[in-house]
Amino acid sequence: MAFLMKSMLSNQVKNLGLGGGGEESKEESTPSDPAAAAGMTREEYEEYQKQMVEEKMERDAAFAQKKAERACLRVHLREKYRLPKSELDENQIQMAGDDVGLPEDLQKMVAEDQVEEEDKDSILGQLQNIQNMDMDTIKEKAQATFTEMKQAAEQKCSVM
């Protein structure tokens with residue numbers, strides 16, 4: 001209730017001209033020209049605006065390039081792990097242009113991963129895995145394989 005009375009009385013007082021003139025004088029004292037408001041000449045202000053637009057365009061281009069690099073990395077990982085492709089990543093790469101590649105740090109990481117996978121796929125890598133396996137599991141696998149081969153041979157050969 002007090003708020004309502006206060007707002008009604010203050011509006012009436014402003015309309016009478018007793019207390020409302022302060023706001024109007026503030027509006028009149030501020031210049032309408034943005035260059036004058038910034039404390040610059042018109043030419044300096046225009047040059048400043050041009051620089052701001054150029055810097056924004058550079059930041060946007062760098063941002064788009066980074067997004068495309070990340071998308072390229074995701075595409076590479078999807079291919080590596082045989083995951084479904086994403087159209088969003090493809091669109092980001094196309095928007096950035098054909099010169100998109102993985103950053104050097106990521107290229108080094110990918111190369112290291114490939115070397116590790118090649119080592120695991122080689123015969124020496126398999127031998128190292130065998131050393132880490134338990135002998136009982138190896139024996140069970142060998143017996144299961146021998147049993148399967150024997151059953152397959154019995155089915156195919158009528159002499160046995």
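Reckoned from all heavy atoms, side chains included, excluding hydrogens, waters and symmetry mates.
Panel note: side chain Glu44, backbone Thr41; a donor-acceptor pair is recorded below 3.5 Å.
Taking the side chain as every heavy atom from C-beta outward, Val75 and Ile93 approach each other to under 4.5 Å.
Going from atom CD of Gln94 over to atom CD of Glu90 covers 6.5 Å, rounded to the nearest 0.5 Å. Summarising the geometry, atom SG belonging to Cys72 is positioned 15.0 Å from atom NZ belonging to Lys67; distances are rounded to the nearest 0.5 Å.
Ion pairing between a basic and an acidic side chain is recognised when a charged N comes within 4.0 Å of a carboxylate O; Arg78 and Asp89 show such pairing.
Considering only residues two or more places apart in sequence or on other chains, Lys56 meets the side chain to side chain donor-acceptor pair (under 3.5 Å) condition with Asp60. Listed by chain and residue number, nothing satisfies the side chain to side chain donor-acceptor pair (under 3.5 Å) test with Glu140 (two or more places apart in sequence, or in another chain). Here Ala68 pairs with Ala96, Val100 under the side chain to side chain contact (heavy atoms under 4.5 Å, CB included) rule; sequence neighbours left out. Legend: residues meeting side chain to side chain contact (heavy atoms under 4.5 Å, CB included) with Glu148, ordered by chain and number and at least two apart, are absent.
Side-chain contacts under 4.5 Å among hydrophobic residues (ILVMFWY), followed directly or transitively, place Leu88 with no other residue at all.
Lys66 NZ: 12 or fewer foreign heavy atoms inside a 6.0 Å radius.
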Sequence neighbours left out, cut at 3.5 Å: what donor-acceptor pairs do the side chains of residues 45-55 make with other protein atoms?
from  : atom 1 : to    : atom 2 : distance (Å)
Tyr45 : OH     : Gln49 : NE2    : 3.1

